[in-house]
Structure formats: structure tokens, C-alpha cells
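None of these values were measured; they are calculated from a predicted model. Computed from heavy atoms alone, side chains included, the values below leave out hydrogens, waters and symmetry copies. Just so we're on the same page: letters track the sequence lines, and every chain starts at 1.
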Protein chains: 2
Amino acid sequence: MSTRSVTTAIRVLEAVAELQPVGLSELARAVDVPKATVQRVLVTLEELQWIERAKRDGGKWSIAVHAYAVTSRGSSGSRIRDVAIGPLSALQLETGETIHLAVPDELRMVVIERLDTPHVLRAFLALGSRIPMHASATGLAFLAYSSDEFVSVYLQHPLGASTPDTMVDPQEVRAELQVIRSRGYSINPGGLSSGITAIGAALISRELGPVGSISVSGPSSRITPDKFEEYGTAVAATARQISMALPG
Amino acid sequence: MSTRSVTTAIRVLEAVAELQPVGLSELARAVDVPKATVQRVLVTLEELQWIERAKRDGGKWSIAVHAYAVTSRGSSGSRIRDVAIGPLSALQLETGETIHLAVPDELRMVVIERLDTPHVLRAFLALGSRIPMHASATGLAFLAYSSDEFVSVYLQHPLGASTPDTMVDPQEVRAELQVIRSRGYSINPGGLSSGITAIGAALISRELGPVGSISVSGPSSRITPDKFEEYGTAVAATARQISMALPG
DNA sequence: GCCGATGGTTCATTAGATGGACCACTGTTG
DNA sequence: CAACAGTGGTCCATCTAATGAACCATCGGC
């Protein structure tokens with residue numbers, strides 16, 4: 001139907017990203033394509049500066065910065081980021097805690113922006129991190145406003161535990177989503193990283209439904225239950241403000 | 001010699017990234033490939049979730065989050081980022097200003113990490129920004145420790161002015177690099193954005209030479225000349241610390 | 001020495017990418 | 001309103017160029 005070689009090339013590229021640093025044979029096995037084909041693809045991608053081989057370490061392959069530079073320029077989240085950055089900045093100043101902006105990619109949330117806290121004790125999520133929806137405040141908020149179909153599909157996949165406190169029971173998650181909807185924001189105490197509590201709210205486009213979410217997070221010692229409501233309403237208000245400014 | 005269709009596909013992808021949101025005809029012109037071919041590539045890339053078409057706006061193409069998620073997972077800079085994040089966090093707390101971590105891609109510096117200030121007045125560079133070397137503290141620091149060949153090649157290209165204060169004379173840049181080397185850090189007052197001053201230092205791998213650089217930046221009203229030395233030595237010390245922890 | 005890995009290359013076969021020509025549609029202009 | 005210059009999109013005969021089985025070279029271990 002369409003450009004088989006391109007498809008395999010991209011599949012190889014994604015495999016490199018996932019397994020890096022990785023060698024030829026392992027890649028060929030992972031993608032289930034003959035070595036010779038993978039080899040040609042690798043050389044091509046190298047010429048294009050999208051991947052590079054380690055100088056030592058038997059010349060294993062990794063993604064090159066150029067690939068990152070190309071794809072990060074913009075990305076669909078960029079318009080969201082543009083309208084979000086102002087309100088998020090205000091929210092950061094108001095709460096003094098770390099703020100995350102995340103958008104969905106397949107079954108994960110991807111962190112596309114972060115504003116830092118001045119505190120020495122910081123909640124840290126690297127930009128570009130892919131985190132499970134059921135284990136994060138952003139993901140839960142997003143799920144809470146997603147369609148039933150999507151939630152069902154999501155919950156059919158095995159729910160891994162990021163920490164001992166992660167919700168792994170689909171029933172429990174469903175109930176929590178209901179709570180989030182009635183409350184307007186999500187609370188995730190230690191479900192993604194032990195000792196980190198986060199409070200999130202969904203960004204909802206009138207036309208497209210939920211398109212991402214935001215959260216404020218910090219050490220559980222600072223984000224105590226008595227602050228949940230204050231931070232929750234602040235996050236929810238900021239999310240509403242961004243939602244209204246969305247292009248859709 | 002190798003996989004022509006893949007090459008054109010990647011060229012199309014890069015063109016989309018650069019011109020997004022962009023339509024079929026414009027793309028075909030940009031990459032100088034028949035519309036029909038571009039069309040097939042676009043459909044393929046869409047199936048792979050690497051690009052997406054706007055719902056409104058005549059269905060123009062943009063890079064999808066998935067592409068960003070794939071390439072940001074790791075990227076060669078990731079190991080740098082991993083070892084850098086701790087020291088950078090300390091530097092951010094020490095100075096209270098925005099910290100950037102950038103690595104070279106072709107003739108630009110690409111911002112791969114940022115720790116920002118809690119100040120209302122913020123120096124902001126979006127992640128993934130590609131900035132000219134001669135116009136940025138990070139770039140100048142990187143150049144200062146690059147090979148003569150690379151510097152010569154770089155200076156042969158036209159030096160664009162990002163602001164009225166950008167150095168555009170190759171001689172002047174060369175002299176500045178000398179100053180940076182003897183001082184140990186770079187200073188860039190308003191050369192990238194008017195009213196923003198940045199101080200940078202290079203990350204140097206013993207085996208590979210310069211692999212990136214870091215900088216602290218803020219409004220020129222805060223980063224005044226009397227702070228140059230204090231911040232400069234701090235940045236340089238942090239850079240040295242990271243350099244020693246580098247894998248190479 | 002053999003064995004099981006690895007990375008890398010060759011080349012006959014034919015799958016499949018190519019691109020010129022074409023259609024349908026929209027908005028502009030004289 | 002007819003002609004026109006754009007746009008996105010599709011067909012299909014031609015022949016390029018992607019494929020992959022078979023092959024070789026090298027490495028490390030036992």
C-alpha cells in the first residue's frame with residue numbers, strides 16, 4: 001500500500017531509540033528483518049545524521065542529537081505549550097513547586113514542559129519522559145476526561161506498578177477516575193515515585209476533548225493533605241484557563 | 001548507494017519539521033520531489049504516527065508528539081544530561097538564574113535541558129531551540145574549545161545577527177574565543193536576545209573534546225558586570241565537575 | 001581447534017518506488 | 001462568470017532500487 005522501505009526504516013529507528021546503544025544483530029532480531037536490510041537502513045540513517053555509532057563499545061548505535069533537534073522543533077504539543085507557558089509560569093510562582101505539562105502518546109504521557117521549584121528538594125522528571133497514565137497525576141487527570149472506549153482499552157493492558165503505591169487494579173482506577181471527575185483534579189501520592197506527591201488537571205479542547213494535562217508536584221513532606229484542596233483548585237483553575245485559550 | 005526512498009522520506013520529515021504547519025505542494029517544492037512521491041511519504045509517516053494533519057486549516061502537516069517521544073528517549077545527549085542534571089541543579093540553586101544545557105548539532109547549539117529560575121522575569125529558551133554558536137554563551141564556549149579546523153569552517157559561513165549586539169565579524173569572534181580560553185568562561189551580553197545576558201562554559205570529554213556546554217542566563221538588569229566573575233567561576237567549576245563525570 | 005556470536009558484503013530477483021499526467025476542488029481576478 | 005492559478009489527491013506503465021539468502025571475516029570463550 002505504501003513505501004515499505006520507509007516503514008521498516010522508521011521501525012528500525014524506533015528500535016534504536018528503545019534499545020540504544022544497540023548492535024546490528026540485536027536490532028535485526030527486534031524488528032524481525034534480515035540483517036542485510038537493517039544494515040543498509042542503518043548506514044542511510046547515519047548519513048542523514050539521525051543515528052550515530054559509538055566510537056568504542058563495538059560501534060553500537062544510538063539516536064543522534066540531530067534527530068532530537070528536528071522533532072523537538074515544534075511538535076504538535078508546541079501550540080499547547082505556547083498558550084500554556086504563561087499560566088503555568090503563574091502557577092509555578094503561586095505554588096512554588098515543580099510544574100509539569102504532559103501530552104498523551106499512545107498509552108503514555110510525555111512530559112513536554114517543566115517549570116522548576118526553587119526548593120532544594122525537587123521533584124524531577126526529565127523532559128521527554130514517558131510515564132504510565134495510571135501511575136501519574138497527569139495521566140489520571142487525562143484518563144478521567146477521556147472516552148469510555150479509550151479508558152477500557154487502556155485498562156485492558158497490564159497495569160505496571162512504578163512504586164508499591166501505584167494503583168494496579170482496573171476497578172480501583174475506574175473508581176478513582178470518578179472521584180477525579182467530581183473533584184476536578186487528580187491526586188497521586190507516591191504512585192509514580194516514592195515520596196513524591198502530585199496534583200493534576202486535564203487540558204480539554206472543546207473540539208478535541210482532552211489533549212494533555214498539567215500537574216504540580218513535590219516531596220510528600222511538603223505537599224501534605226492539608227494543601228491538596230488549595231493546590232487542587234489552583235491547578236484546576238489554571239487548566240481551565242489554558243483550555244479556553246487552546247486553538248481548537 | 002543506499003535506500004533512496006528512505007532518504008527522501010527523512011528529507012520530507014525534516015521539511016515538515018521546519019515548515020510546519022505545511023501543505024503538500026509547498027513541501028514538494030521545498031524538497032524538490034514530485035507531489036505524488038511526497039504524498040505517499042506523508043501518508044506513510046502519518047500511519048507511523050510521526051506526523052499528523054491539522055483537523056481544520058486545510059489539513060496541513062505537522063510533526064506529531066510520537067516523533068518527539070521517540071527521539072527524546074535518550075538521544076546521545078542523554079548520557080550527558082544524566083550526569084549533568086545534578087550539578088546543574090546545584091548551580092541553579094546557587095545562582096538562582098536559568099540554566100541551559102546545550103549540545104552541538106551541525107552549526108547550531110541545541111538546548112536539551114533547562115532549569116529555570118523562580119523569578120518573574122525569566123530568560124526563556126524552549127527545549128529543542130537551535131541557536132547560532134557565535135551568538136550564544138553556550139556556543140561561544142563550545143567554539144573556544146573546538147579544533148581550529150572546526151572554528152575556521154564555522155566562521156566561513158555568514159554570521160547572522162540575532163540582535164544588534166551580536167558579534168558578526170569573524171576576527172572579533174576569534175579574539176573573543178581567545179579571551180574565553182584564558183578566562184575559562186564565556187560572557188554574552190545581549191548577543192542572542194536583547195536584554196538577556198548569559199555566561200557559559202564548555203563540557204569537555206577527555207577523549208572526544210568539547211561535547212556541549214552549559215550557561216546561566218537572566219535579564220541584563222540582574223546579571224550585571226559585577227556578577228560576571230562570581231557566576232563565571234561557578235559555571236566553569238560546574239562544567240569541570242560534569243566534564244570529569246562524563247563517560248568518555 | 002571448534003563453536004556461536006558478532007558486523008559486514010554480495011548479487012540475482014522482482015517487488016515496489018517513481019513521477020508524469022490527470023482529476024476535482026477552491027479562491028481570486030479581470 | 002469564465003479563465004486561471006492555486007490547492008490536495010489518484011493512477012499506472014516503467015524500470016529503478018530494495019530485498020534477503022548466502023556468504024565472509026572477526027572476535028571471545030571453553
Quiz prompt | A/W61 CH2 to C/dG7 P, straight-line distance once rounded to whole Å | solution =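 Nearest whole value for this atom pair: 10 Å.
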Quiz item: Within less than 4.0 Å of OP1 or OP2 of C/dG7, is there a side-chain N or O belonging to A/Q39?
Solution: no
Quiz item: With a 3.5 Å cut-off and no angle check, do the side chains of A/S5 and B/S5 form a donor-acceptor pair?
Solution: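 Note: A/S5 and B/S5 side chains meet the donor-acceptor criterion.
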Exercise. Indicate whether any N or O donor in one side chain lies under 3.5 Å from an N or O acceptor in the other, for B/S152 and B/R174.
Key: yes
Exercise. Verify whether one side chain among A/T44 and B/T3 offers a donor that lies under 3.5 Å from an acceptor in the other.
Key: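 Looking only at side-chain atoms, B/T3 and A/T44 do form a donor-acceptor pair, the distance falling under 3.5 Å.
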Self-check item: Spacing of B/E26 atom CD relative to D/dA5 atom P, expressed in whole Å
Solution: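 After rounding, the gap between these two atoms is 20 Å.
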Exercise. Determine whether A/W61 and A/Q20 make a side-chain contact, defined as any pair of heavy atoms from C-beta on separated by less than 4.5 Å.
Key: no
Exercise. Starting from the 5' end of DNA chain D, give me the residue, A/V6 or B/K35, whose nearest nucleotide shows up first.
Key: B/K35
Practice problem: Output yes when at least one side-chain N/O atom of A/R40 is less than 4.0 Å from OP1 or OP2 of D/dT19, else no. | Solution: yes
Quiz item: Roughly, in whole Å, what's the span from CG in A/L24 to C1' in D/dA25?
Solution: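 Rounded to the whole Å, the gap is 14 Å.
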Practice problem: Mind calculating the distance between CD1 (B/I51) and P (D/dG8) to the nearest angstrom? | Solution: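 Answer to the nearest Å: 13 Å.
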Exercise. Output the single nucleotide from D/dT19, C/dG7, D/dG8 whose closest atom is nearest the side chain of A/T8.
Key: D/dT19
Practice problem: Figure out the CG/C1' separation between B/L27 and D/dG9, and round it to whole Å. | Solution: 14 Å
Quiz item: Should the pair A/F142 and A/F150 be assigned to parallel (<30°), tilted (30 to 60°) or perpendicular (>60°) ring geometry?
Solution: perpendicular
Quiz item: Reckon A/R4 has a side-chain N or O less than 4.0 Å from the OP1 or OP2 of D/dA17?
Solution: no
Quiz item: Under 4.0 Å between a side-chain N/O of A/S5 and OP1 or OP2 of D/dA18, yes or no?
Solution: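 The answer is no; no side-chain N or O of A/S5 sits under 4.0 Å from OP1 or OP2.
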Quiz item: B/S25 has a side chain; which of D/dG8, C/dG8, D/dG9 sits nearest to it?
Solution: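 So the side chain of B/S25 is nearest to D/dG8.
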Self-check item: Side-chain N,O (A/T3) to OP1/OP2 (C/dA17) below 4.0 Å
Solution: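 Result: no.
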Quiz prompt | Rounded distance (Å) that lies between atom C1' of C/dG7 and atom CD of A/E46 | solution = 13 Å
Practice problem: Please report, rounded to the nearest Å, how far the C1' atom of D/dA18 is from the CG atom of A/L45. | Solution: 15 Å
